[in-house]
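Some notes on the structure that comes next.
Predicted model only: the values in this text are computed from it and were never measured. Naming: A, B, ... by sequence-line order, numbering from 1 per chain.
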2 protein chains.
Amino acid sequence: MAKHRITITDIAKEMGVTPSTVSRALAGNERVSLKTRERVIAVAKDMGYQPNVLASSLRSGRSDTIGMIVPRINRHFFSNVISGVEAILNPAGFNLLICQSHERVEDERKAIHSLLSNRVGGIIISHSVETKSFNHYNEVLAEDIPLVQFDRVTDEIGGPRIVNDNFLGGMRSTRHLIKNGCKRIAHFAGSLHVNVYKERFDGYKYALEKAGIVFDSSLVVDNCILQDSGSQAVEILLRSEKIDGVFAASDFSALGAIKKLKEMKVVIPGEVKVTGFANEPFSDLVDPALSSVEQNAFEMGTQIARLIMENIGKESIPDEEIHVPVRLIVRESSLSGNSEIRIKKDF
Amino acid sequence: MAKHRITITDIAKEMGVTPSTVSRALAGNERVSLKTRERVIAVAKDMGYQPNVLASSLRSGRSDTIGMIVPRINRHFFSNVISGVEAILNPAGFNLLICQSHERVEDERKAIHSLLSNRVGGIIISHSVETKSFNHYNEVLAEDIPLVQFDRVTDEIGGPRIVNDNFLGGMRSTRHLIKNGCKRIAHFAGSLHVNVYKERFDGYKYALEKAGIVFDSSLVVDNCILQDSGSQAVEILLRSEKIDGVFAASDFSALGAIKKLKEMKVVIPGEVKVTGFANEPFSDLVDPALSSVEQNAFEMGTQIARLIMENIGKESIPDEEIHVPVRLIVRESSLSGNSEIRIKKDF
DNA sequence: GTTATCCGTGCAAACGTTTGTATTTTTGCC
DNA sequence: GGCAAAAATACAAACGTTTGCACGGATAAC
């Protein structure tokens, strides 16, 4: 029916003023008298006016939409970061346009283009695991719209990066296993060209070194972040090696390991202790409950949002890396009965 | 640096033609010669042209952005529906603007406004649990942009509704429990003003009736979809009632029940059998693994996307309710050792 | 060679805002 | 009451497209 949407021109006509006055009134501009401002707002509400943000951003060159690209939204970590971002952005009048890269660099490239076409005011990104070169970001940087990287980041792109303290998480997990008596700790790593996995690995090595344990590369399984690969890895490892601990860079591979170990009648945590990473919702449901590193996803999101809002309209964006603290959550899968007291120190 | 974004006018000047020709050429319009079309596309690519969708939708009145409102994105079901929607929409050149209502009707209202302001071409919605009146949708209907409801729907709003076969899910779960020997089956329901919970409840009642079991309202716990309420409910019930089965409308309350029952040393499935709903990722991780009703979220998403694309630009949108089949997944939590064969029929 | 037809392109207005500048109205002051 | 200054509003162009219509030139028909 009412195909015609109310515009400021309609309001202007209705009131016998010009669109400019209406526009300024709605924007709260002091140049129009308080009386008129109030009248305009009343009439606008009365007529059911919905501002056209397309026209607005076209004219003003500004946009209240922020683009966000994540590998997948159905991952606990990412969906919580998104919630954190929205918690800050929405009340401030911004919208979030969310894209998934599905871990594919091609989709990531497409998403970038789509966001640029939508003239977003800023872009928030966590790279796909496939992404190794970053020239598709040149356009973003050339347009100088703020680009904030989080979690999966690279220093090949300027601007702020906000990451978990993955090194600390890896170090603490490993140290915790050592304190609980592990001597030969395997590490299920992710792709080591991705910062988060590299840093978890570095933390692992560092903890070993600090404890005087010689690093043994045959205990490291690369590209092992899925449940299946965790199962396979632990099975293969146990054939040739004697291990008494597993620090997995992902809760999923840790889960796979636990399942396989149980199947093999290896006692957890008695014979092998296991820790994971990300504190997925399932980690306290498995038996034994899985120790894991909690990432403060929501808080990370709020920081990202604040960062991008700060940088909108700024000429140059500072290069900085912000670390969000992580927390080791100790559960049954990594406890040796006799050291519970000492572990408390790990929190 | 290059603050100036390339426009079709730039391309036109460069080539010595007019913007209209460029516009038509890029749109693949037959009215411009193939030769020119090819040249335009080449030059556009060469100059790094990014179409301005704001200007485009402003002028054309069409928008390639679809808005979607869900209670929360960090729920397995919803994030998978979203993925399904995107899987169809993105290749077709549409973008998805996702909003969360956080189960609050006020946020839902705000999201609607925001989407309308963004002049989306269509809206996909699953209502918040709080939403009981629907007049905030009048504006959407008045603008006649397609509105597709899914999962949590109401027939107070016209247009297509796409839902799981919740009745069937409830019926099958209950029947399965009955076939496995349960005589007194409790039901943990959600808010009964929400269609999905109402229908699961109806399915439960229907199955009881068909089996000649008298419905007993004291075995129904209202508003019981969270883990904690599941724990409490089972504890309270067992004090006064003798039950041997629980059909929970949510995996979370089923989980709570399982945890509490184990704590109370009640044997599952020996003394009490439990089934849930939604087949959350954790349901096969708990011990005993939880029987649940799988909702085909991704496929539902693809259907929603097709539906909304079909209806864009249409005058009137047909009122229809589409049912997506569900599947009962039987796991340990509801099996009586001696009837495994008969259960197969439930699939 | 004239006229009709068609093809390719140009012209200009429009979408709904915002915003710099101009104009009118009000106010204060002598 | 006249005048300048200040306040309030109007005017008009612009943002980057799309699109109905007009136009010129080539081809075809007679």
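Residues passing the side chain to side chain donor-acceptor pair (under 3.5 Å) test with B:E139 are A:Q50, B:H113, sequence neighbours excluded. In this structure, the side chain to side chain donor-acceptor pair (under 3.5 Å) partners of B:N135, at least two apart in sequence or on a different chain, are B:S133. Under the side chain to side chain donor-acceptor pair (under 3.5 Å) criterion, A:S60 pairs with no residue, sequence neighbours left out. Taking B:Y197 as the reference, nothing meets the ring-ring contact (aromatic ring centres under 6.0 Å, His included) condition, with sequence neighbours excluded. Residues meeting the side chain to side chain donor-acceptor pair (under 3.5 Å) test with B:E106, sequence neighbours left out: B:R109.
Screening residues 21-77 of chain B for ring-ring contact (aromatic ring centres under 6.0 Å, His included) gives no qualifying pairs among residues at least two apart or on separate chains. The salt bridge (charged side-chain N to carboxylate O under 4.0 Å, His left out) pairs that include a residue from residues 20-41 of chain B number zero, where partners must be two or more places apart or lie in different chains.
Following rounding to the nearest Å, A:L26 (CG) and C:dT18 (P) show an atom-to-atom distance of 8 Å. Rounded to an integer number of Å, the gap from B:R39 CZ to C:dG8 P is 14 Å. Whole-Å rounding puts the B:E38 CD to C:dG8 P distance at 13 Å. Atom CZ in B:R119 sits about 9 Å away from atom C1' in C:dG16, given to the nearest Å.
Overall bending of the helix from C:dG1-D:dC30 to C:dC30-D:dG1, expressed as the angle between end axes built from five pairs apiece, is 50° (10° steps).
Nearest nucleotide to the B:T18 side chain, out of C:dT18, D:dT17, C:dG10: C:dG10.
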Considering only nitrogen or oxygen atoms on both sides, find all protein atoms under 3.5 Å from nucleotides 25-28 of chain C and state each distance.
none

Could you run down nucleotides 20-28 of chain D 5' to 3' and tag each one B, S or - for protein heavy-atom contact under 4.0 Å? BB-------
List the atom pairs, donor and acceptor, that lie under 3.5 Å between side-chain atoms in residues 154-163 of chain A and the rest of the protein, sequence neighbours left out.
{"unit_1": "A:T154", "atom_1": "OG1", "unit_2": "A:E156", "atom_2": "N", "d": "3.0"}
{"unit_1": "A:R161", "atom_1": "NE", "unit_2": "A:E321", "atom_2": "OE1", "d": "2.7"}
{"unit_1": "A:R161", "atom_1": "NH2", "unit_2": "A:E321", "atom_2": "OE1", "d": "2.9"}

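Contacts between residues 54-62 of chain A and DNA chain D, defined by a heavy-atom separation below 4.0 Å, involve A:L58, A:R59, listed by number.
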